[in-house]
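The figures here come from the full heavy-atom set of this structure, side chains too, leaving out hydrogens, waters and symmetry mates.
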Amino acid sequence: EAGVAQSPRYKIIEKRQSVAFWCNPISGHATLYWYQQILGQGPKLLIQFQNNGVVDDSQLPKDRFSAERLKGVDSTLKIQPAKLEDSAVYLCASSLGQLDTDTQYFGPGTRLTVL
Amino acid sequence: GEDVEQSLFLSVREGDSSVINCTYTDSSSTYLYWYKQEPGAGLQLLTYIFSNMDMKQDQRLTVLLNKKDKHLSLRIADTQTGDSAIYFCAESPLSGGYNKLIFGAGTRLAVHP
(Lines give C-alpha, C1' and ligand atoms only; values in the text may rest on other atoms or scores of the structure.)
Protein backbone atom coordinates (compact mmCIF):
# COMPACT_ATOMS: atom_id res chain seq x y z
CA GLU A 1 0.00 0.00 0.00
CA ALA A 2 1.43 3.38 -0.96
CA GLY A 3 2.02 5.83 1.85
CA VAL A 4 1.43 9.56 2.07
CA ALA A 5 3.27 11.35 -0.73
CA GLN A 6 4.60 14.90 -0.48
CA SER A 7 6.46 17.18 -2.86
CA PRO A 8 8.80 18.86 -3.09
CA ARG A 9 11.08 17.32 -0.44
CA TYR A 10 13.14 20.48 -0.10
CA LYS A 11 12.53 24.13 -0.93
CA ILE A 12 14.67 27.22 -0.42
CA ILE A 13 13.13 30.65 -0.95
CA GLU A 14 13.76 34.23 0.05
CA LYS A 15 11.52 36.03 2.50
CA ARG A 16 8.44 37.62 0.98
CA GLN A 17 8.34 35.00 -1.77
CA SER A 18 5.52 32.48 -2.17
CA VAL A 19 5.69 28.73 -1.90
CA ALA A 20 3.30 25.80 -2.27
CA PHE A 21 3.45 22.24 -1.00
CA TRP A 22 1.51 19.27 -2.29
CA CYS A 23 0.22 16.18 -0.50
CA ASN A 24 -1.39 12.98 -1.75
CA PRO A 25 -2.90 10.99 1.13
CA ILE A 26 -3.32 7.24 1.42
CA SER A 27 -6.12 6.05 -0.82
CA GLY A 28 -9.45 5.97 1.00
CA HIS A 29 -8.37 8.22 3.86
CA ALA A 30 -11.02 10.83 4.54
CA THR A 31 -9.01 12.99 6.93
CA LEU A 32 -5.94 14.98 5.96
CA TYR A 33 -3.69 17.02 8.23
CA TRP A 34 -0.94 19.58 7.71
CA TYR A 35 1.61 20.01 10.51
CA GLN A 36 4.50 22.43 10.96
CA GLN A 37 7.59 21.05 12.68
CA ILE A 38 10.13 23.67 13.69
CA LEU A 39 13.63 22.38 14.41
CA GLY A 40 13.83 20.91 17.90
CA GLN A 41 10.07 20.84 18.41
CA GLY A 42 7.24 18.39 17.91
CA PRO A 43 4.81 18.76 15.03
CA LYS A 44 2.09 21.37 15.47
CA LEU A 45 -1.24 21.00 13.69
CA LEU A 46 -1.95 23.75 11.18
CA ILE A 47 -5.14 22.50 9.55
CA GLN A 48 -7.30 19.38 9.45
CA PHE A 49 -9.66 18.43 6.61
CA GLN A 50 -12.48 15.89 6.71
CA ASN A 51 -13.02 15.05 3.03
CA ASN A 52 -12.87 18.54 1.47
CA GLY A 53 -14.21 20.44 4.49
CA VAL A 54 -12.08 22.16 7.16
CA VAL A 55 -12.48 20.67 10.65
CA ASP A 56 -9.83 22.68 12.51
CA ASP A 57 -7.72 25.59 11.28
CA SER A 58 -7.37 27.38 14.60
CA GLN A 59 -3.55 27.31 14.47
CA LEU A 60 -3.23 28.36 10.82
CA PRO A 61 -1.81 31.90 10.36
CA LYS A 62 -4.51 32.89 7.94
CA ASP A 63 -2.92 36.17 6.95
CA ARG A 64 -0.23 34.27 5.05
CA PHE A 65 -1.09 30.57 5.03
CA SER A 66 -3.85 28.94 3.00
CA ALA A 67 -4.76 25.34 2.25
CA GLU A 68 -7.26 23.55 0.12
CA ARG A 69 -8.31 20.01 -0.54
CA LEU A 70 -10.14 19.83 -3.81
CA LYS A 71 -12.32 16.79 -4.44
CA GLY A 72 -11.43 15.44 -1.01
CA VAL A 73 -8.17 13.83 -2.13
CA ASP A 74 -4.96 15.83 -2.78
CA SER A 75 -4.18 18.96 -0.83
CA THR A 76 -1.97 22.01 -1.25
CA LEU A 77 -0.60 24.29 1.45
CA LYS A 78 0.53 27.76 0.41
CA ILE A 79 2.53 30.45 2.16
CA GLN A 80 2.37 33.97 0.78
CA PRO A 81 4.48 35.91 1.65
CA ALA A 82 6.98 33.76 3.53
CA LYS A 83 8.79 34.97 6.66
CA LEU A 84 12.04 33.76 8.17
CA GLU A 85 10.16 32.09 11.01
CA ASP A 86 8.33 29.86 8.51
CA SER A 87 11.50 27.79 8.08
CA ALA A 88 10.40 24.33 9.18
CA VAL A 89 9.43 20.89 7.97
CA TYR A 90 5.83 20.72 6.74
CA LEU A 91 4.34 17.31 7.33
CA CYS A 92 1.20 15.95 5.77
CA ALA A 93 -0.69 13.08 7.41
CA SER A 94 -3.86 11.18 6.65
CA SER A 95 -6.24 8.89 8.50
CA LEU A 96 -9.39 6.93 7.80
CA GLY A 97 -11.53 9.50 9.58
CA GLN A 98 -13.03 7.19 12.17
CA LEU A 99 -13.83 8.68 15.54
CA ASP A 100 -12.21 5.97 17.65
CA THR A 101 -8.87 4.53 16.60
CA ASP A 102 -8.03 7.11 13.98
CA THR A 103 -4.35 6.45 13.44
CA GLN A 104 -2.50 9.13 11.50
CA TYR A 105 0.09 8.15 8.89
CA PHE A 106 2.72 10.70 7.98
CA GLY A 107 4.48 11.59 4.77
CA PRO A 108 8.24 12.32 4.58
CA GLY A 109 7.70 16.09 4.84
CA THR A 110 8.88 19.14 2.92
CA ARG A 111 11.80 21.01 4.42
CA LEU A 112 11.39 24.74 3.83
CA THR A 113 14.25 27.19 4.31
CA VAL A 114 13.44 30.88 4.13
CA LEU A 115 16.48 33.14 3.64
CA GLY B 1 -5.09 22.85 28.65
CA GLU B 2 -3.16 20.74 26.19
CA ASP B 3 0.52 20.16 26.82
CA VAL B 4 2.85 17.21 26.46
CA GLU B 5 6.27 17.16 28.08
CA GLN B 6 9.22 14.83 27.50
CA SER B 7 12.84 14.77 28.49
CA LEU B 8 14.93 15.89 25.54
CA PHE B 9 17.76 13.40 25.47
CA LEU B 10 18.54 9.81 26.47
CA SER B 11 21.77 7.89 25.94
CA VAL B 12 21.94 4.11 26.41
CA ARG B 13 24.37 1.30 25.69
CA GLU B 14 23.52 -1.21 23.00
CA GLY B 15 21.68 -4.18 24.51
CA ASP B 16 20.38 -2.25 27.51
CA SER B 17 16.76 -1.20 27.99
CA SER B 18 15.65 2.34 27.19
CA VAL B 19 12.82 4.08 29.03
CA ILE B 20 11.37 7.27 27.59
CA ASN B 21 8.94 9.19 29.78
CA CYS B 22 6.14 11.58 28.94
CA THR B 23 3.53 13.56 30.85
CA TYR B 24 0.34 14.90 29.30
CA THR B 25 -2.47 17.12 30.50
CA ASP B 26 -5.70 16.34 28.65
CA SER B 27 -7.69 13.63 30.42
CA SER B 28 -10.12 13.39 27.49
CA SER B 29 -7.47 11.68 25.37
CA THR B 30 -8.87 8.31 24.37
CA TYR B 31 -5.58 7.09 22.95
CA LEU B 32 -1.96 7.99 23.59
CA TYR B 33 0.66 7.45 20.95
CA TRP B 34 4.37 6.92 20.45
CA TYR B 35 5.91 7.94 17.13
CA LYS B 36 9.50 7.52 15.93
CA GLN B 37 11.29 9.95 13.61
CA GLU B 38 14.56 9.09 11.93
CA PRO B 39 16.72 11.82 10.35
CA GLY B 40 15.11 13.34 7.27
CA ALA B 41 12.03 11.16 7.55
CA GLY B 42 8.42 11.60 8.56
CA LEU B 43 6.91 10.20 11.71
CA GLN B 44 6.42 6.45 11.98
CA LEU B 45 3.73 5.16 14.32
CA LEU B 46 5.34 2.80 16.85
CA THR B 47 2.47 1.93 19.12
CA TYR B 48 -0.52 3.35 20.95
CA ILE B 49 -2.43 2.57 24.10
CA PHE B 50 -6.11 2.93 24.91
CA SER B 51 -6.69 5.15 27.92
CA ASN B 52 -8.40 2.41 29.98
CA MET B 53 -5.33 0.17 29.77
CA ASP B 54 -2.35 0.15 32.11
CA MET B 55 0.10 -1.66 29.88
CA LYS B 56 0.59 -2.77 26.32
CA GLN B 57 3.39 -4.96 25.04
CA ASP B 58 4.42 -5.31 21.40
CA GLN B 59 7.60 -7.32 20.82
CA ARG B 60 10.46 -5.22 22.26
CA LEU B 61 8.16 -2.32 23.12
CA THR B 62 6.27 -1.93 26.39
CA VAL B 63 3.99 1.02 27.04
CA LEU B 64 2.96 1.86 30.60
CA LEU B 65 0.15 4.30 31.35
CA ASN B 66 -0.58 5.89 34.73
CA LYS B 67 -3.81 7.70 34.03
CA LYS B 68 -4.05 9.18 37.53
CA ASP B 69 -0.69 10.92 37.16
CA LYS B 70 -1.10 11.42 33.37
CA HIS B 71 2.24 9.70 32.85
CA LEU B 72 3.16 7.56 29.86
CA SER B 73 6.36 5.64 29.27
CA LEU B 74 7.89 3.65 26.44
CA ARG B 75 10.34 0.89 27.24
CA ILE B 76 12.52 -0.55 24.47
CA ALA B 77 14.12 -3.84 25.42
CA ASP B 78 17.52 -4.86 24.02
CA THR B 79 18.08 -1.45 22.44
CA GLN B 80 19.90 -1.55 19.10
CA THR B 81 21.78 1.12 17.13
CA GLY B 82 18.86 1.14 14.68
CA ASP B 83 16.67 2.44 17.50
CA SER B 84 18.59 5.73 17.50
CA ALA B 85 15.97 8.34 16.57
CA ILE B 86 13.67 10.95 18.07
CA TYR B 87 10.64 9.56 19.89
CA PHE B 88 7.48 11.62 20.19
CA CYS B 89 4.71 11.12 22.67
CA ALA B 90 1.28 12.42 21.63
CA GLU B 91 -2.07 12.84 23.32
CA SER B 92 -5.30 12.91 21.32
CA PRO B 93 -7.89 15.19 22.89
CA LEU B 94 -11.32 15.33 21.34
CA SER B 95 -11.95 18.60 19.54
CA GLY B 96 -15.29 19.21 17.91
CA GLY B 97 -15.91 15.49 17.74
CA TYR B 98 -12.59 14.77 16.06
CA ASN B 99 -9.32 13.56 17.52
CA LYS B 100 -6.26 15.70 17.02
CA LEU B 101 -2.70 14.96 18.07
CA ILE B 102 -0.73 17.12 20.47
CA PHE B 103 2.95 16.21 20.37
CA GLY B 104 5.73 16.63 22.87
CA ALA B 105 9.05 18.10 21.77
CA GLY B 106 10.54 14.63 21.34
CA THR B 107 13.23 12.63 23.12
CA ARG B 108 16.41 12.01 21.16
CA LEU B 109 17.62 8.47 21.86
CA ALA B 110 21.31 7.82 21.23
CA VAL B 111 22.48 4.21 21.33
CA HIS B 112 26.22 3.65 21.71
CA PRO B 113 28.26 0.44 21.56
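Per-residue counts of heavy-atom pairs under 4.5 Å with chain A were compared for I86(B), L101(B), L45(B); the largest is that of L101(B). Here Q50(A) is the residue among K44(A), R111(A), Q50(A) with the most heavy-atom pairs under 4.5 Å with chain B.
In K68(B), the NZ atom is not crowded: 12 or fewer heavy atoms of neighbouring residues, nucleotides or ligands sit closer than 6.0 Å. Enclosure of atom CG in L39(A) is not indicated, since only 12 or fewer non-hydrogen atoms of other residues, nucleotides or ligands lie within 6.0 angstrom. The local environment of CD in E85(A) is crowded, with over 12 non-hydrogen atoms from other residues, nucleotides or ligands closer than 6.0 Å. Counting non-hydrogen atoms of neighbouring residues, nucleotides and ligands closer than 6.0 angstrom, the NZ atom of K56(B) exceeds 12 such neighbours. Within a 6.0 Å sphere centred on OH of Y105(A), heavy atoms belonging to other residues, nucleotides or ligands number 12 at most.
Here the side chains of F88(B) and P43(A) are in contact, with some heavy-atom distance below 4.5 Å. With a 4.5 Å cut-off on side-chain heavy atoms, K100(B) and Y33(A) do not count as touching.
Only the side chain of Y35(B) has a heavy atom closer than 4.5 Å to any heavy atom of chain A. Of the two parts of Q44(B), neither the backbone nor the side chain holds a non-hydrogen atom closer than 4.5 Å to a non-hydrogen atom of chain A. For chain B, the nearby part of Q37(A) is the side chain; its heavy atoms alone come within less than 4.5 Å. With a threshold of 4.5 angstrom between heavy atoms, Q41(A) approaches chain B through N, CA, C or O but not through any side-chain atom.
Distance check, rounded to the nearest 0.5 Å: OH of Y33(B) to OG1 of T103(A) gives 5.0 Å.
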